[in-house]
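Worth knowing before you read on, the calculation uses all heavy atoms, side chains too, and leaves out hydrogens, waters and symmetry mates. In this text, all values refer to a predicted model and were calculated from it rather than measured experimentally.
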Amino acid sequence: MLHEKVYFNDKNSDIIAYNMSRAKKGNDKDIVKMKKIMRKAICEELTTRQRECLTMYYFENKKMKDIAKMLGLSPSTVTRHIKAAKKRLINIAKYY
């Protein structure tokens, strides 16, 4: 099965950056910085599979079993990819 690369657009990175900066009680400048960091981290630090699963689950509101069918994976594998992606992004955000 062929997979398309998934890229996060500004709208998606806005959501992530806003949520990350809110957790730190940030201001607008912090939000802009976090957007840039998260956009780069999502594109460069996550595996293609993690990026696909994360995008479909959080931004396309698909169910894990539907994602699993579309990607030819088991639902538990999709769950693991999403958890790993979230953990990686949270760890990156902690340094900023």
Side-chain angles (χ1 to χ4, degrees):
M1 172 184 262
L2 293 176
H3 300 285
E4 293 180 30
K5 287 187 179 183
V6 177
Y7 294 101
F8 278 75
N9 61 27
D10 287 337
K11 180 182 173 188
N12 295 342
S13 64
D14 287 353
I15 294 166
I16 294 170
Y18 179 73
N19 288 335
M20 293 287 196
S21 66
R22 266 191 33 191
K24 290 184 163 191
K25 306 280 186 202
N27 59 29
D28 289 340
K29 190 175 181 179
D30 293 335
I31 291 171
V32 170
K33 182 180 177 183
M34 189 59 73
K35 280 186 203 180
K36 188 175 180 179
I37 292 165
M38 286 296 106
R39 186 179 300 123
K40 185 173 182 176
I42 289 165
C43 292
E44 296 179 9
E45 299 295 327
L46 298 181
T47 67
T48 302
R49 197 60 94 186
Q50 288 172 343
R51 198 168 34 254
E52 288 174 327
C53 292
L54 193 78
T55 302
M56 289 182 201
Y57 185 70
Y58 285 107
F59 301 113
E60 297 175 13
N61 296 317
K62 295 190 187 304
K63 295 180 180 180
M64 288 196 195
K65 68 179 186 177
D66 295 333
I67 297 169
K69 276 185 183 178
M70 290 163 56
L71 299 178
L73 304 170
S74 70
S76 64
T77 301
V78 171
T79 301
R80 283 196 314 269
H81 283 303
I82 292 170
K83 283 183 180 181
K86 284 174 38 178
K87 183 178 178 181
R88 187 174 255 175
L89 292 175
I90 289 168
N91 286 335
I92 290 167
K94 284 181 184 178
Y95 289 100
Y96 299 96

Point to revise | side-chain hydrogen bond (donor to acceptor under 3.5 Å, both in side chains) partners of Thr47, counting only residues at least two apart | key: none

Check your understanding: With a 4.5 Å heavy-atom cut-off, do Asp66 and Met56 have their side chains touching?
Key -> no

Review point. Do Leu73 and Arg49 have side-chain heavy atoms sitting under 4.5 Å apart?
Key: yes

**Study point:** Side chain to side chain, Ile82 and Gln50, heavy atoms closer than 4.5 Å
**Key:** no

Exercise for review: Give the minimum heavy-atom separation between Leu46 and Arg88, together with the two atoms involved.
Suggested key: CD2-CD, 3.8 Å

Study note, to complete from the structure: Only residue of Glu52, Lys69, Met64, Lys62 satisfying side-chain contact (heavy atoms from CB on, under 4.5 Å) with Val78 is Met64

Exercise for review: List the atom of Arg51, the atom of Cys43, and the distance in Å for their closest heavy-atom pair.
Suggested key: NH1-O, 3.3 Å

Check your understanding: Below 4.5 Å, heavy atoms only, C-beta onward: do Met70 and Ile67 meet side chain to side chain?
Key -> no

**Study point:** Considering all heavy atoms, the nearest Met38-Ile92 contact
**Key:** CE-CG2, 4.1 Å

Point to revise | Approximate separation, where rounding is to 0.5 Å, of Lys83 NZ and Ser76 OG | key: 10.0 Å

Point to revise | Chi angles and distances behind the side-chain contact (heavy atoms from CB on, under 4.5 Å) call for Tyr57, His81 | key: CA-CA 11 Å; Tyr57 185 70; His81 283 303; over 6 Å; no

Practice item. Go through the steps for Thr77 and Ser74 under the test side-chain hydrogen bond (donor to acceptor under 3.5 Å, both in side chains), then give the verdict. Key: CA-CA 5 Å; Thr77 301; Ser74 70; 2.9 Å; yes

